[in-house]
Amino acid sequence: MSTYIISKTGLNEVYIITQESPIAISSYYTIEDSQNGDLVGEVIETNSIPCLNDEYLKEINSSINIAKNTSLDVNKVSYIAKIKILKDLIFPITPLSIVRKSKFEEVKPYIYKTDVDKGFNIGVIKGTELMQKELPLQLQNVSPLWENGVAVEQKGVPFVLDFNAQREYPHIFISGGSGSGKSFAFRDIMEELMRYGLPAIAADVHNEFNFDLIMKGLTFHPNFKNRYEIFTVGKDIGVCFSDLTTSELITIISHKESLTDAQKRILERIHTDNMSMAEFETTLNVMASAFGIMDSFKAKETDLDQAELYIYQEYKKYVTSPDTIRSILSKFLTVKNSGIFTKNIEPVKLCLKHSKLAIIRGNLSIVKMLMSFMINRFYNERRHYIDSNIHNPNDPNFFPPFFLFLDEAHNFASKEDSSPLRTLLRKLAQESRKYGVYLVLCTQGSHLLDKTLLDQINTKIFLRTNDIVNKDIAKNEINLNDIQYNMLPNLPSGNGFISSPILSKTFNIQFRTSFTIQPKAEGVFDEILSFNKNMNNSNDLQKEIINWIQTNPNANSITRTQLLANLKNKNFQIDMRNLIDEMEKMNQDNLIQIIKTGVGETYSLV
């Protein structure tokens with residue numbers, strides 16, 4: 001029994017009907033058209049009806065009489081689908097044409113334009129599952145999927161994103177709700193960059209990006225161990241204070257709290273090139289002291305010491321209030337205490353020049369501060385290299401193109417934020433195309449991201465979401481039809497829609513399994529049980545306390561710090577508050593005796 005076109009036809013869309021089997025959404029069919037030749041179309045709507053009748057057929061511009069001109073049985077269950085033709089026509093589709101399922105070679109020009117060794121292989125195209133056996137051998141196991149925690153065989157045509165086309169249409173955006181598969185999608189793209197040896201930087205505030213552990217079930221064994229490096233801000237990398245320009249210093253301090261114009265002007269006067277952090281901090285302290293003294297009612301310049309007098313006379317026409325200086329000093333000390341002024345960014349630069357992925361760890365605040373400084377530095381170096389028209393990788397000024405990965409991107413460039421990093425990211429989105437600096441942003445809430453930034457991103461991927469605002473953004477950004485829009489809340493994890501100027505249409509895809517997994521984190525309840533086991537193993541802890549009192553004739557609240565240090569060396573998860581509580585409990589249980597004295601406590605055995 002065949003599949004037919006039984007509706008009124010046009011140039012773009014047409015209804016088909018069959019009684020053989022249900023028609024899958026996003027699947028592909030070929031129309032054997034006597035006028036236009038064979039036409040490939042994608043199923044964009046699918047339904048089933050118990051029997052053929054005029055009432056339903058009128059909805060698709062058909063009738064029972066037209067159906068009777070085919071071999072269809074009007075009393076049987078029928079399957080009806082709307083197909084969108086994948087090429088432009090000048091003549092309408094021929095009615096009553098025979099329709100059949102498409103073969104891979106027929107759809108290949110529309111859905112597989114880039115070989116897997118020339119693009120990012122990130123998944124499979126939904127609706128092509130039945131073509132798996134038709135694929136050339138070199139395409140049959142390149143995109144294994146993920147089921148129940150392990151990799152399983154590929155099912156469908158690989159979806160490959162042409163990275164060469166990224167030069168014209170850069171930047172990738174991924175959005176989806178919790179559990180939608182964003183992390184897999186993000187990891188897949190990072191793995192693809194490492195596969196090709198493309199330089200990249202990834203912010204990793206949750207310590208998730210590690211690529212040493214291989215996904216179970218894979219029939220091949222990728223090795224990324226030498227393709228990435230991990231750097232912790234304040235430990236491995238940071239900002240060398242003496243290398244800072246004044247504008248860079250203002251940018252870093254502004255991350256914690258915005259500076260007023262008056263504060264910026266003062267910093268521009270104080271800070272000089274190659275200034276050490278100690279000199280800068282001393283200057284601020286002396287200024288705060290000098291202007292604080294002179295703010296009193298009867299103060300005279302003779303009340304100032306020599307250093308204060310020099311600073312006061314040097315800057316008094318720029319400072320209107322000592323509070324301005326105190327505020328600058330407070331903001332600076334907050335930034336200093338974060339540990340960012342440790343080391344420098346040279347290890348990351350070297351990592352990029354070796355074509356690796358540089359993973360940047362630390363808390364969100366310090367990572368944002370470092371990123372605003374480091375990415376701006378690297379972007380300017382890249383611009384200088386390109387604008388100088390050097391184009392020689394062996395030149396000492398060579399700086400490679402690179403990708404920037406930001407998970408939870410709304411934390412780095414929120415539409416409500418006015419941070420320097422948001423300004424920088426907007427600049428990159430708008431002008432970095434010709435310099436080869438590409439953004440890959442991921443977020444649960446696309447509505448939280450800066451609108452200008454979102455508008456400048458060309459390749460957009462939307463995974464499952466129940467949020468009505470995010471659904472509407474997805475519909476508008478990638479031109480989802482009503483059926484696709486209604487699919488968004490129910491998409492399986494790892495499934496989504498992708499749209500880009502480099503693609504012929506919006507694709508329904510399933511991301512491949514990641515080839516690696518992050519180190520398994522303890523479940524929250526396992527974590528609590530483990531913590532309690534270490535914290536509350538009273539027998540072992542109490543034995544240690546009794547032994548310390550027994551061997552220490554000066555066991556008191558002053559020497560108690562030594563006991564705490566010994567316990568920590570033996571891997572007890574305990575702090576001073578916990579230790580004091582435990583000793584109070586032992587005193588109540590008559591295991592030890594605590595004697596209060598004028599200077600603290602002494603401890604003895606009962």
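- In the displayed structure, Lys434 atom NZ is contacted under 6.0 Å by at most 12 heavy atoms of other residues, nucleotides or ligands.
- A donor-acceptor contact shorter than 3.5 Å is absent between the side chain of Ser258 and the backbone of Ser254.
- Residues satisfying the side-chain contact (heavy atoms from CB on, under 4.5 Å) test with Thr561, not counting sequence neighbours, are Met576.
- For the ring pair (Phe, Tyr, Trp, His ring centres under 6.0 Å) with Phe399, the qualifying choice from Phe378, Tyr379, Tyr385 is Phe378, the only one to do so.
- Thr232 places no side-chain N or O within 3.5 Å of a backbone atom of Lys235 that could act as its donor or acceptor partner.
- Partners of Phe412 according to the ring-ring contact (aromatic ring centres under 6.0 Å, His included) rule, which considers only residues two or more places apart in sequence or in another chain, do not exist here.
- Between Phe291 and Arg326 the shortest side-chain heavy-atom distance does not fall below 4.5 Å.
- Partners of Ser180 by side-chain contact (heavy atoms from CB on, under 4.5 Å), not counting sequence neighbours, listed by chain and number: Lys182, Leu463, Arg464.
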*asked:* I'd like to know whether Ile172 forms a side chain to side chain contact (heavy atoms under 4.5 Å, CB included) with Ile457, so could you lay out the CA-CA distance, the side-chain angles of the two residues, the decisive distance to 0.1 Å, and finally the verdict.
replied: CA-CA 6 Å; Ile172 299 172; Ile457 296 176; 5.5 Å; no

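- When atom types are taken as modelled, the side chain of His171 and the backbone of Tyr438 share no donor-acceptor pair closer than 3.5 angstrom.
- Within a 6.0 Å radius of NZ in Lys353, more than 12 heavy atoms belonging to other residues, nucleotides or ligands are found.
- Heavy-atom contacts from other residues, nucleotides or ligands closer than 6.0 Å to CG of Asn226 number 12 or fewer.
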*Begin with the C-alpha distance, continue with both residues' side-chain angles, and end with the deciding distance and a verdict on side chain to side chain contact (heavy atoms under 4.5 Å, CB included) for Lys585 and Gln542.*
CA-CA 10 Å; Lys585 179 172 177 286; Gln542 289 178 359; 4.0 Å; yes

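- A side-chain N or O of His206 and one of Glu408 form a donor-acceptor pair less than 3.5 Å apart.
- Judged by a 6.0 Å distance limit and a 45° cone about the ring axis, Arg187 is positioned over the six-membered ring of Phe211.
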*Yes or no on side chain to side chain contact (heavy atoms under 4.5 Å, CB included) for Lys460 and Leu454, after CA distance, side-chain angles and deciding distance?*
CA-CA 9 Å; Lys460 296 183 174 76; Leu454 182 60; 3.8 Å; yes

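- Side-chain N or O atoms of Asn458 include none that pairs as donor or acceptor with a backbone N or O of Ser500 at under 3.5 Å.
- Taking both residues in full, the closest heavy atoms of Asn344 and Pro347 are given as OD1-CD, 3.4 Å, listed atom of the first, atom of the second, then distance.
- In the model, Thr246 has no side-chain atom that pairs as donor or acceptor with a side-chain atom of Glu268 under 3.5 Å.
- Looking at Thr251, its side chain never comes within 3.5 Å of a backbone N or O of Pro420 through a donor-acceptor pair.
- Leu267 has its side chain within reach of Ile328: a pair of non-hydrogen atoms, C-beta onward, lies under 4.5 Å apart.
- With rounding to the nearest 0.5 Å, the separation of CG in Leu425 from CG in Leu441 is 7.0 Å.
- Using bins of under 30°, 30° to 60° and over 60° for the plane-to-plane angle, the ring pair Trp548/Tyr603 lands in the tilted bin.
- For the 3.5 Å distance criterion, the side chains of Asn210 and Tyr228 qualify, holding a donor opposite an acceptor.
- Taking the side chain as every heavy atom from C-beta outward, Glu248 and Arg377 approach each other to under 4.5 Å.
- Between the side chain of Asp467 and the main chain of Thr465, no donor-acceptor pair closer than 3.5 Å is present.
- Residue Glu346 places its CD atom among more than 12 non-hydrogen atoms of other residues, nucleotides or ligands, all under 6.0 Å distant.
- With sequence neighbours excluded, the residues forming a side chain to side chain donor-acceptor pair (under 3.5 Å) with Gln562 are Asn566, listed by chain and number.
- Within a 6.0 Å radius of OH in Tyr196, other residues, nucleotides and ligands contribute more than 12 heavy atoms.
- By the side-chain contact (heavy atoms from CB on, under 4.5 Å) test, Ser183 pairs with no residue at all, sequence neighbours left out.
- Comment: Glu431 engages Arg383 in a salt bridge, judged by a side-chain N to carboxylate O separation of less than 4.0 angstrom.
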*Arg265 and Tyr318: side chain to side chain contact (heavy atoms under 4.5 Å, CB included), yes or no, with the steps?*
CA-CA 8 Å; Arg265 285 193 295 270; Tyr318 307 112; over 6 Å; no

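- A donor-acceptor pair is defined here as one N or O able to donate and one able to accept, closer than 3.5 Å; no such pair exists between the side chain of Ser289 and the backbone of Asn285.
- Of the possible donor and acceptor atoms, none in the side chain of Asp589 sits under 3.5 Å from a partner among the backbone N and O of Leu591.
- In this structure a side-chain-to-backbone donor-acceptor pair under 3.5 Å is missing from Asn578 to Ile574.
- A side-chain donor from one of Asn470 and Ser446 sits under 3.5 Å from a side-chain acceptor of the other.
- Looking only at side-chain heavy atoms (C-beta outward), Thr559 and Leu563 stay at 4.5 Å or farther from each other.
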_Does Ser514 form a side chain to side chain donor-acceptor pair (under 3.5 Å) with Glu191? I'd like the steps, not just the answer._
CA-CA 8 Å; Ser514 60; Glu191 288 178 350; 4.5 Å; no

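- For the residue pair Asp387 / Tyr435, a side-chain donor-acceptor distance below 3.5 Å is found, with atom types taken as modelled.
- Counting non-hydrogen atoms of neighbouring residues, nucleotides and ligands closer than 6.0 angstrom, the NZ atom of Lys343 reaches no more than 12 such neighbours.
- The closest side-chain donor-acceptor pair between Thr245 and Ser247 falls under 3.5 angstrom.
- Gln430 pairs by the side-chain contact (heavy atoms from CB on, under 4.5 Å) definition with Thr452, Gln456, not counting sequence neighbours.
- At least one donor-acceptor pair closer than 3.5 Å links the side chain of Arg227 to the backbone N or O of Met194.
- Ring pair Phe241/Phe280 is tilted by interplanar angle, where 30° to 60° counts as tilted.
- For the 3.5 Å distance criterion, the side chains of His255 and Ser372 qualify, holding a donor opposite an acceptor.
- By the 6.0 Å contact criterion, OH on Tyr315 is enclosed, its count of non-hydrogen atoms from other residues, nucleotides or ligands being greater than 12.
- Surrounding NZ of Lys451 are at most 12 heavy atoms belonging to other residues, nucleotides or ligands under 6.0 Å away.
- Counted by atom type alone, Ser414 and Arg422 present zero donor-acceptor pairs between their side chains at under 3.5 Å.
- Between the side chains of Gln550 and Asn547, no donor N or O sits under 3.5 Å from an acceptor N or O.
- For the residue pair Ser175/Gln444, the side-chain donor-acceptor check at 3.5 Å is not satisfied.
- Using a 30° and 60° split on the angle between ring planes, Phe120 and Phe163 fall in the tilted class, from 30° to 60°.
- In this structure, the side chains of Met190 and Phe186 come closer than 4.5 Å at one or more pairs of heavy atoms.
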